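Worksheet: the structure to be examined is printed underneath.
The figures here come from the full heavy-atom set of this structure, side chains too, leaving out hydrogens, waters and symmetry mates. The sequence lines fix the lettering, A, B, ..., with proteins before strands; numbering per chain opens at 1. Since the model is a prediction, treat every value here as computed from it, not as a measurement.
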Number of protein chains: 2
Amino acid sequence: MPGTSALPTCHEVLAAVLQVREGRLCVLAWQRAIAPDEGRWALPGGRLGDEEDVEESVRRQLAEKVDLRDVAHVEQLGVFSAPHRVPGARVVATAFLGLVPSDADPAVPGDTAWHLVDALPPTAFDHAEIVTDALDRLRAKLSYTNIGFALAPAEFTVSALREIYAGALGHPVSATNLQRVLTRRGQLEPTGAVCPPGPAGGRPAALFRFTRRSLRVTDAFAVLRPPGEGGRAVVP
Amino acid sequence: MPGTSALPTCHEVLAAVLQVREGRLCVLAWQRAIAPDEGRWALPGGRLGDEEDVEESVRRQLAEKVDLRDVAHVEQLGVFSAPHRVPGARVVATAFLGLVPSDADPAVPGDTAWHLVDALPPTAFDHAEIVTDALDRLRAKLSYTNIGFALAPAEFTVSALREIYAGALGHPVSATNLQRVLTRRGQLEPTGAVCPPGPAGGRPAALFRFTRRSLRVTDAFAVLRPPGEGGRAVVP
DNA sequence: TCAAAAGTGTTACATATACACCCATGC
DNA sequence: GCATGGGTGTATATGTAACACTTTTGA
C-alpha cells in the first residue's frame with residue numbers, strides 16, 4: 001500500500017480574521033520572532049487540544065489574540081495538508097475564516113497587527129494561500145448570504161454599510177441598490193432611530209440593523225428550484 | 001493553556017461518493033466486518049500517508065474501491081474532529097465529495113454497495129453527517145456551477161440529463177428549462193449526433209456534451225457585481 | 001394518420017441596475 | 001435659499017418558469 005505508514009501527525013488550526021477598517025479590508029497577523037520563517041507574518045492559531053474539536057480550538061485560540069465577543073462569525077475553509085508545508089514533524093492545518101465588525105477595535109498583542117489584504121507583507125509557510133481562500137469565500141458569500149452582519153456594527157446607516165461592502169468586495173457598491181436588495185431579502189430592518197448629519201449638513205440618515213446575526217442563505221436555488229415555490233427558497 | 005497537550009493524532013480521509021443510478025441518487029459504502037460499529041456501513045477512505053496530501057490520499061484510496069477513471073470530480077467538504085468521533089486513539093478526518101457519471105458501473109468489492117441516499121442503512125461513526133454535507137454541497141453547486149458534468153456521461157440527451165438533475169436534486173426538473181439555462185450559460189453544446197428513438201417512436205433526441213469537464217462557476221456574482229460589467233462575471 | 005417524444009416560441013414574472021428625482025438638515 | 005448628503009420612484013435589462021405549439025419519428 002503505497003504512501004501509507006501512519007506516522008502520527010500534529011493538527012493545528014489557523015484563522016484568517018478579516019475586518020473592514022476605514023473602508024479597507026484587513027487581515028490579522030503576527031510577526032514570527034524565531035526561525036523558521038523568522039520575521040514573516042503568520043496567521044493566529046495553534047495546536048488542536050485533546051478535548052476540543054477544530055471549531056472550539058480556533059475560537060479558544062482567537063480569544064488569546066482578540067476578544068472573542070469581537071469575532072462575529074467563524075467558519076471552516078478547508079484543510080491544508082501538503083506533506084512538508086512546515087519544516088520538521090508533519091502538521092496538518094484546518095484553516096478558518098473569521099470576521100470582525102468594523103466598529104470593533106480589539107486590543108491585540110504587540111507582535112500582532114492588521115494588514116491591508118491587497119498589500120500583504122511576506123507571509124509564513126502557506127498562510128498567503130489561506131488568506132486568498134478566505135477572501136474568495138467572503139466575497140462569494142456576500143452575494144448570496146447575510147454574512148454582512150459579521151462585518152457591520154449592531155446598528156449602521158446605509159452609507160456605512162455601503163462602505164463596508166465596497167471595502168470587502170474591492171469594488172464600488174451603490175448604496176441605493178444595496179439597501180433595496182438586502183431589504184427585499186429580509187436581511188435589513190430600520191431601528192427607527194436616526195443618525196444626525198455631520199457639520200456639512202444633509203438629511204439625517206436612518207439607522208438599520210441586520211434582522212439575523214447568524215449565517216443564513218438568502219439567495220438559494222438561484223436556478224433549478226423546486227416547482228411551484230414561486231419566490232425564494234426558505235432555508236431554516 | 002486549557003485544552004492543549006498536543007498528543008499526536010492520526011489523520012484519515014473519507015469520501016461520500018455519489019452517483020445517480022436509475023434516476024436515484026446513491027452513495028457508495030462498505031459494511032464493517034469487525035468492531036467497533038460491526039455491521040454498520042462506512043464510507044470509503046483510510047489513513048493519510050506520509051508523502052501525500054489529503055486530495056492525493058482520497059484519490060489513491062478511492063482507486064482501491066472503484067476505478068479512478070470513473071470518479072469525475074473530487075472536492076473537500078471539511079474536517080470532522082470531535083474528540084471521540086471514533087473509539088480509541090484520536091482520528092481527525094477530512095471528508096470529501098466524489099462524483100461518478102451515471103453511465104459508469106465500476107466493479108466494487110464484495111463488502112461494498114450503492115445505497116439510496118434517502119434510505120441509508122445504519123452508518124458507522126459520524127459518516128451519516130458527511131453524507132448529508134455531501135448532498136447539500138452537490139445540490140447547491142448544481143445551481144451555480146457546471147458540476148453536472150461529473151454526474152453525466154460524456155454524451156447524453158437532454159432527457160437523460162433531466163433525469164440526472166432530478167435524481168440529484170430530489171425534485172422534478174423541466175427538460176425545457178434545464179436545456180435553456182445550461183445552454184445560455186455556455187455549459188452545453190450539441191455534438192451533432194442524434195440518438196434514435198425507442199420502440200414507442202418519437203422524434204430522435206439530439207446528443208449534447210458539457211463544454212468543460214472541470215469545475216467552473218457559471219453564475220458568480222448573483223448580485224452586487226462590479227459596476228458596468230453588464231452580464232455574467234468571467235471566472236477563469 | 002395517430003401517438004409519442006423532442007425541441008422551440010411566447011408570455012408572464014421576478015429581481016437587479018441605473019439614474020432621475022424628491023426629502024431633510026446645516027449654514 | 002442653497003449646498004450636502006439621504007432616500008424613493010421609475011425605466012430598463014436580464015434571466016427563469018410555465019405552457020402552448022411545432023417537429024420528427026414508429027406503428
Side-chain angles (χ1 to χ4, degrees), chain A residues 142-144 155-163 165-166 169 171-208 218-234, chain B residues 142-144 155-163 165-166 169 171-208 218-234:
Chain A
L142 279 172
S143 87
Y144 68 92
E155 302 194 347
F156 45 83
T157 65
V158 173
S159 292
L161 191 64
R162 187 205 62 75
E163 188 171 345
Y165 271 70
L169 290 169
H171 65 72
V173 171
S174 144
T176 298
N177 295 329
L178 181 65
Q179 178 181 9
R180 245 201 281 267
V181 168
L182 297 188
T183 300
R184 187 196 299 278
R185 291 182 177 179
Q187 288 186 31
L188 236 49
E189 64 186 9
T191 67
V194 293
C195 181
R203 174 171 168 177
L207 285 172
F208 292 82
T218 58
D219 195 34
F221 298 124
V223 294
L224 307 176
R225 43 178 164 273
E229 306 223 343
R232 288 296 164 191
V234 183
Chain B
L142 279 173
S143 86
Y144 68 91
E155 302 194 347
F156 47 82
T157 65
V158 173
S159 294
L161 191 64
R162 187 205 63 76
E163 188 171 347
Y165 271 72
L169 290 169
H171 65 73
V173 171
S174 144
T176 297
N177 295 330
L178 181 66
Q179 178 181 11
R180 245 199 282 264
V181 168
L182 298 187
T183 301
R184 191 196 314 271
R185 292 184 177 176
Q187 288 187 31
L188 238 48
E189 65 187 7
T191 67
V194 294
C195 182
R203 174 171 168 175
L207 286 172
F208 292 82
T218 58
D219 194 33
F221 298 125
V223 293
L224 306 177
R225 44 178 163 273
E229 305 225 340
R232 289 294 166 191
V234 182

Check: Would you say A:Y165 and A:L178 make side-chain contact, with heavy atoms under 4.5 Å?
Finding: yes
Show me the donor-acceptor pairs within less than 3.5 Å that the side chains of residues 186-203 of chain B make with the rest of the protein, sequence neighbours left out.
{"residue": "B:Q187", "atom": "NE2", "partner": "B:T145", "partner atom": "O", "Å": "3.4"}
{"residue": "B:Q187", "atom": "NE2", "partner": "B:T218", "partner atom": "OG1", "Å": "3.0"}
{"residue": "B:E189", "atom": "OE2", "partner": "B:R209", "partner atom": "NH1", "Å": "2.9"}
{"residue": "B:T191", "atom": "OG1", "partner": "B:A193", "partner atom": "N", "Å": "3.1"}
{"residue": "B:T191", "atom": "OG1", "partner": "B:L207", "partner atom": "O", "Å": "3.3"}

Notebook entry, point to check: Please give, in whole Å, the distance from C:dT17 C1' to A:H171 NE2?
Noted result: 13 Å
Checklist line | Euclidean distance, atom OH of residue A:Y165 to atom P of C:dA16 [Å, nearest integer] | finding: 13 Å
Note to self: Quick check for you: to the nearest 0.5 Å, what is the distance between B:R184 atom CZ and B:L182 atom CG?
What the structure shows: 11.0 Å
Next item on the list: Would you mind reading off the distance between A:L182 atom CG and C:dT15 atom P, rounded to a whole angstrom?
Entry: 14 Å
Check: Roughly, in whole Å, what's the span from CG in A:N177 to C1' in D:dG6?
Finding: 15 Å
Item checked: A:F156 CZ - D:dG6 P separation (whole Å) -> 14 Å
Could you go through nucleotides 3-7 of chain C and list every protein N or O atom that sits under 3.5 Å from one of its N or O atoms, giving the distance for each pair?
{"residue": "C:dA5", "atom": "N3", "partner": "B:R203", "partner atom": "N", "Å": "3.3"}
{"residue": "C:dA6", "atom": "OP1", "partner": "B:S159", "partner atom": "OG", "Å": "2.9"}
{"residue": "C:dA6", "atom": "OP2", "partner": "B:S159", "partner atom": "OG", "Å": "3.0"}
{"residue": "C:dG7", "atom": "OP1", "partner": "B:A206", "partner atom": "N", "Å": "2.4"}

Check: Could you give the CG-to-P distance, from A:L169 to C:dT17, as a whole number of Å?
Finding: 11 Å
Notebook entry, point to check: At their closest point, which heavy atom of B:T157 faces which heavy atom of B:A205, and how far apart are they?
Noted result: CG2-CB, 3.6 Å
Notebook entry, point to check: Taking all atoms of both residues into account, what is the closest heavy-atom pair of A:Y144 and A:R185, and its distance?
Noted result: CA-NH1, 4.2 Å
Next item on the list: Round to the nearest Å and state the distance from A:L178 atom CG to C:dC19 atom C1'.
Entry: 17 Å
Notebook entry, point to check: Which part of the nucleic acid does B:P196 contact within heavy-atom distance under 4.0 Å: base, sugar-phosphate only, or nothing?
Noted result: nothing
Check: Below 4.0 angstrom from OP1 or OP2 of D:dT16, is there any side-chain N or O of B:R180?
Finding: no
Check: Measuring from B:R162:CZ to B:N177:CG, what's the distance to the nearest 0.5 Å?
Finding: 12.0 Å
